[in-house]
Enquirer: 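Quick one: the structure is below, and I'll ask about it shortly.
Values below: all heavy atoms of this structure, side chains included; hydrogens, waters and symmetry mates excluded. One is the number of the first residue; the rest follow in order along the sequence.
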Amino acid sequence: MATLPNSTLLSVERKRARDRRAQRNLRHRKNDRIAKLESELSACREQMLSYQAHIRGLENMCTHLREQNLRLLERHPPKKLDGCSSQRADFQDTTLHLQPSHSMNLAHDIRYHFSGAVTYSISTRQAAKATRSFDSNGQSSADEAGRAFPSTTQSLPQDTTVLLWRHTPPQGCFVWDTLPTHSLWGEDKGVALESPELPSPLELLYGSSTNRLADVIHNNTRVWRSREPERLACGWVVYLLAKWMAAPSKPRFERLPEFLRPEPEQLRHPHPVCIDGIAIPQLRINLISKAHLYDLDLVLGMLSCCLKVRWPWGKNFLTRSGDAELCILPEFYNTFMSLEGWGLTEEFIKKYPELLEGLNSEDVCYKVV
């Protein structure tokens, strides 16, 4: 039997030694990874138990406040406004209807019940309609949702916008609200507070070293598979929304397009804050109620390439101002600041038909030519 040279034997031994070291290192890395995952799982379980205990405490608080509210109503019936024929029963029905529907949103909703005059959230159109009816007839009339204005000892303000601009959707209810890709202002709320009231279109399209909020929005939208008009339009309205939500004020609220102002469902129910930036109100409502059924990243990823501005392909959307600065073409601005200027492609409608409940698919459909 032939024997191998000493050099060959040494080479084989060295290879076997290398293989043993590699296997040993692989086992160590595997054990370290398993230990790390077990530690993270244990921490998540402890956090879940803490959340459950917190939720039970909020539910008990909600029950206590409801009972206390009923006792106060029985002990101190609300007075009627001059010339108002609203009955106490109407007020009680409305109050019960407006109780918080989710214990996690308790503190947020309590502000609406005790902040003054008519304090529940209604849309601008509903508020204007109900206020006109109240002023002209001297009676409490139902709004479009069928709810009557409650009787209070305070008079209704003439400008119903004051009832709306103070109330922002709940924030920080979910862990991913703090992630840069899901937050309106990235990792730091101060980014929105220190940024200018309005961005320039170039800052939203290409980033900025001076406007940090515009730069955050640019970094999030540049990975979208969409045209520059959609990136600019979405970036502009989300910029306005982030400024208002970071520090609510009446002028900032009035800058928001009407379709982006929060619906009552957004104020009542905790939800990922990234949903608030979706341009179609009914789609926001449906996604809030069905968010637990979907992978939110997949839905938002597809929406980023299927949400379209009704603007002709290749048509210019920027123009130069008197000082030669690039600015948004007024026609394009008016298009994306109205709900009619937005649409969804057939791919999204076919993929998520249940998210379009309450919408006419033919009206919302946008066919890319």
Enquirer: Between the main-chain N or O of E46 and the side-chain N or O of S50, is there a donor-acceptor pair closer than 3.5 Å?
Expert: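 A pair under 3.5 Å: no.
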Enquirer: Given 3.5 Å as the limit, does a donor-acceptor pair link the side chain of R320 with the main chain of C327, or not?
Expert: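 Side chain of R320 to backbone of C327, a donor-acceptor pair under 3.5 Å: no, none is there.
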Enquirer: Donor-acceptor check, side chain of N25 to backbone of R21, threshold 3.5 angstrom: yes or no?
Expert: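 Between the backbone of R21 and the side chain of N25 there is a qualifying donor-acceptor contact (under 3.5 Å).
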Enquirer: Quick one: do E74 and R71 make a salt bridge, cutoff under 4.0 Å?
Expert: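 Salt bridge: no.
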Enquirer: Quick one: do E265 and R284 make a salt bridge, cutoff under 4.0 Å?
Expert: no
Enquirer: Please confirm whether the ring centroid of W311 lies under 6.0 Å from the ring centroid of F317.
Expert: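 No - the distance between ring centres of W311 and F317 does not fall below the 6.0 Å cut-off.
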Enquirer: Taking only Lys NZ, Arg NE, NH1 and NH2, and the carboxylate oxygens of Asp or Glu, determine whether E228 and R222 approach each other closer than 4.0 Å.
Expert: no
Enquirer: State yes or no: do L198 and L232 share one hydrophobic cluster built from I, L, V, M, F, W and Y residues joined by side-chain heavy-atom distances below 4.5 Å, directly or via other members?
Expert: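 Result: yes, single cluster for both.
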Enquirer: Answer yes or no: is there an ion pair linking E194 with R212, defined by an N-O contact shorter than 4.0 Å?
Expert: yes
Enquirer: Look only at the side chain of K243 and the backbone of S195, and say whether a donor-acceptor pair between them is shorter than 3.5 Å.
Expert: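 It does hold such a pair.
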Enquirer: Quick one: does any side-chain atom of H218 pair with a main-chain N or O of V216 as donor and acceptor, under 3.5 Å?
Expert: no
Enquirer: Evaluate whether atom CD of Q68 has more than 12 neighbouring non-hydrogen atoms of other residues, nucleotides or ligands under 6.0 angstrom away.
Expert: yes
Enquirer: Any side-chain donor-acceptor pair under 3.5 Å between D19 and Q23?
Expert: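 There is no such pair (donor and acceptor under 3.5 Å, judged by atom type) between the side chains of D19 and Q23.
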Enquirer: Evaluate I328 against W236 for side chain to side chain contact (heavy atoms under 4.5 Å, CB included), listing each step before the verdict.
Expert: CA-CA 10 Å; I328 300 175; W236 188 274; 3.6 Å; yes
Enquirer: Hey, is the main chain of E325 close enough, under 3.5 Å, to the side chain of S321 for a donor-acceptor pair?
Expert: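 Checked: pair present.
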Enquirer: Tell me whether the centres of the aromatic rings in Y294 and Y352 are closer together than 6.0 Å.
Expert: yes
Enquirer: Do NZ/NE/NH1/NH2 and the carboxylate oxygens of K290 and E357 come within less than 4.0 Å?
Expert: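 Between E357 and K290 there is a salt bridge, with a charged N closer than 4.0 Å to a carboxylate O.
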Enquirer: Kindly work out whether a path of hydrophobic side-chain contacts (I/L/V/M/F/W/Y, heavy atoms less than 4.5 Å apart) joins L256 to L213.
Expert: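 Linked, L256 and L213 end up in one cluster.
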Enquirer: Is the closest side-chain donor-acceptor distance between Y239 and E203 under 3.5 Å?
Expert: no
Enquirer: Does the side chain of Q266 come under 3.5 Å of the side chain of D276 through a donor N or O and an acceptor N or O?
Expert: yes
Enquirer: Before accepting this row, confirm whether a basic side-chain N of the pair E258/R261 lies closer than 4.0 Å to the acidic partner's carboxylate O.
Expert: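 Salt bridge flag = no for R261 with E258.
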